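Step one of this worksheet: look at the structure below.
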2 protein chains.
Amino acid sequence: MTPKKSGGPKPGGERRGRGRPACFERETALCAAMRLFWERGYDGTSFDDLTGAMGISASSFYNTFGSKEALYHEAIEAYLRVAGGWFFDALAREGGTRAAFDALMAAAAVEFTRDDQPAGCMISTAATQCSPGQVRVRDLLAGQRTRADAALATRLERGVADGDLPESTDANALAAFYGSLLRGMAVQARDGASRERLREIARIGMLAWPDEGA
Amino acid sequence: MTPKKSGGPKPGGERRGRGRPACFERETALCAAMRLFWERGYDGTSFDDLTGAMGISASSFYNTFGSKEALYHEAIEAYLRVAGGWFFDALAREGGTRAAFDALMAAAAVEFTRDDQPAGCMISTAATQCSPGQVRVRDLLAGQRTRADAALATRLERGVADGDLPESTDANALAAFYGSLLRGMAVQARDGASRERLREIARIGMLAWPDEGA
DNA sequence: GGATTTATGGAGCGATGACACCAAAAAAAA
DNA sequence: TTTTTTTTGGTGTCATCGCTCCATAAATCC
């Protein structure tokens, strides 16, 4: 255990161990799994599907990711990090609250219909119906959806505080409305709706924005 | 093979055959299957789950309904007939177009949160993500959703013709908006949202109704 | 180079999936 | 009662599921 390591002990996140190095990149494999889960859902994606798309063997899979369910957890995190950034970006953006939601809904129309990704949203439409054995996965997804709505509500509350919205605004109800609309748009996208059609839905959704006079 | 049939060949729909009568009612068993599919989805529901809930054996199942997929088709029809009537009733109701959609959205909030039924909608949230092997089921569901949106659009077009909506109204886009919102509400219901919360979402959705002045 | 450490491919496990078959049972018709 | 028709329970089949084990290959450290 003399500190004469070859290069550095752990230069960043890259592990420089002693044994044989892996012949795949963890992040790349994870993204492949994410796309597959996104496209097919949790139990629509089999072990063999996963190892095939990730380009690794069953044993590599198991001692790198632990289990299918653990991988799904990581895939969700990867989704939020890699493909779901637009959601949080729109909420964090400068400018008025209405402009933020306008941008959010417009971004959803674009992101749900990218031809380099599966249609719709990985989380919005996942595990809404499932067998008793997958109740943990369902609760995980339901929790993520609740958190998304909570993020919307937080932004709306800030809008009320900033004077962008009437004092009488029910931020939780309005957040639930926009959250519902986003999820419905995700289903439409999955069923093949065009970007323009989603953009229209988003535009109509903004007509429900609380009036100053309300 | 003498043509001396017993009495009447098929008096109505009630089959009075010669052999042993079934010890279960077809409709009752079908409804039990519908509820199970509604709660757990197509592949979240196993053969054994079904036969158990329906109270019949595997062979009775097979020669009464043909296959799991054929039963699912029948369950969808049963859903539309038994539990989905409110949708078409609201669209067919007397009065203005806006009142019809108001009633529709209010009914959705009620129907999605009945304690004598699974939460949400059997069709809205089903098979949005699935394996390649279940593409037929997915297309069936997507088709039903498309038909629902088409029904909304037809009613809206009538509204335009009746003068209830501005000539400039894009009926297809507006139908897609309300269709999306309904599906999002179904997801919320599945995640445990209360009837009052859904009622609020529906109310906000009606704020997007086209202005006469638009 | 030799020892050590780690990843890899492949075979195989028990469980469950949907479905199929068959002899026995039950009820109407003759 | 006998015949005919149909349902029924039980058992079996074949595929797939997620997962595990083990001998081997490939790197690093001494």
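Heavy-atom basis, side chains included; hydrogens, waters and symmetry copies ignored. Computed from a predicted model, the values in this text were never measured in an experiment. Within every chain, numbering begins at 1; the chains are lettered A, B, ... in the order of the sequence lines, protein sequences first and strands thereafter.
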What is the separation between atom [atom1] on [X] and atom [atom2] on [N], rounded to the nearest whole Å?
X	N	atom1	atom2	value
A/F61	C/dA11	CZ	P	20 Å
A/Q134	D/dC17	CD	C1'	11 Å
A/M54	C/dA7	CE	P	14 Å
A/N63	C/dT6	CG	C1'	9 Å
B/F47	D/dG12	CZ	P	17 Å
B/E69	C/dA18	CD	C1'	12 Å
A/F65	D/dC19	CZ	P	14 Å
B/K68	C/dT16	NZ	C1'	12 Å

inquiry  = Let me spell it out: for each of B/I56 and A/A58, pick the nucleotide of DNA chain D with the closest heavy atom. Which residue's pick is nearer the 5' end?
reply    =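 Its nearest nucleotide lies further toward 5', so the answer is B/I56.
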
Residue [X], side-chain atoms from C-beta onward, closest of [options]:
X	options	value
A/S57	C/dG9, D/dT8, C/dC19	C/dG9
A/Y62	D/dT8, C/dA7, D/dC19	D/dC19
A/S67	D/dC19, C/dG17, D/dC17	D/dC19
A/P21	C/dA18, C/dA7, D/dA27	D/dA27

NA contact type, [X], heavy-atom cut-off 4.0 Å: base, sugar-phosphate, or nothing?
X	value
A/D43	nothing
B/T45	sugar-phosphate
A/F24	sugar-phosphate

ask   = On a plain distance test, is the side chain of B/S59 in donor-acceptor contact with the base of D/dG9 below 3.5 Å?
value = yes

inquiry  = Are there over 12 heavy-atom neighbours, none belonging to B/E27, within less than 6.0 Å of that residue's CD?
reply    =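 Enclosed.
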
message = What I want to find out is whether A/E196 reaches A/R199 closely enough, with some N-O distance under 4.0 Å, to be called a salt bridge.
response = no

Lys/Arg N to Asp/Glu carboxylate O, B/D149 vs B/R183, below 4.0 Å =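 Counted as a salt bridge, because a side-chain N and a carboxylate O are separated by less than 4.0 Å.
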
request  = Find the partner of C/dG10: check Watson-Crick (N1-N3 plus N6-O4 or O6-N4) and G-U wobble (N1-O2, O6-N3) distances, both under 3.5 Å, and reply none if neither fits.
outcome  = D/dC21

query = Do B/T64 side-chain atoms and B/F61 backbone N/O form a donor-acceptor pair below 3.5 Å?
reply =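 Not confirmed, B/T64 side chain does not pair with B/F61 backbone.
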
request  = State whether B/S60 places a side-chain N or O below 4.0 Å from either non-bridging phosphate oxygen (OP1 or OP2) of D/dT8.
outcome  = yes

key: Residue pair A/T97 / A/R158, side-chain donor-acceptor N/O under 3.5 Å   = no

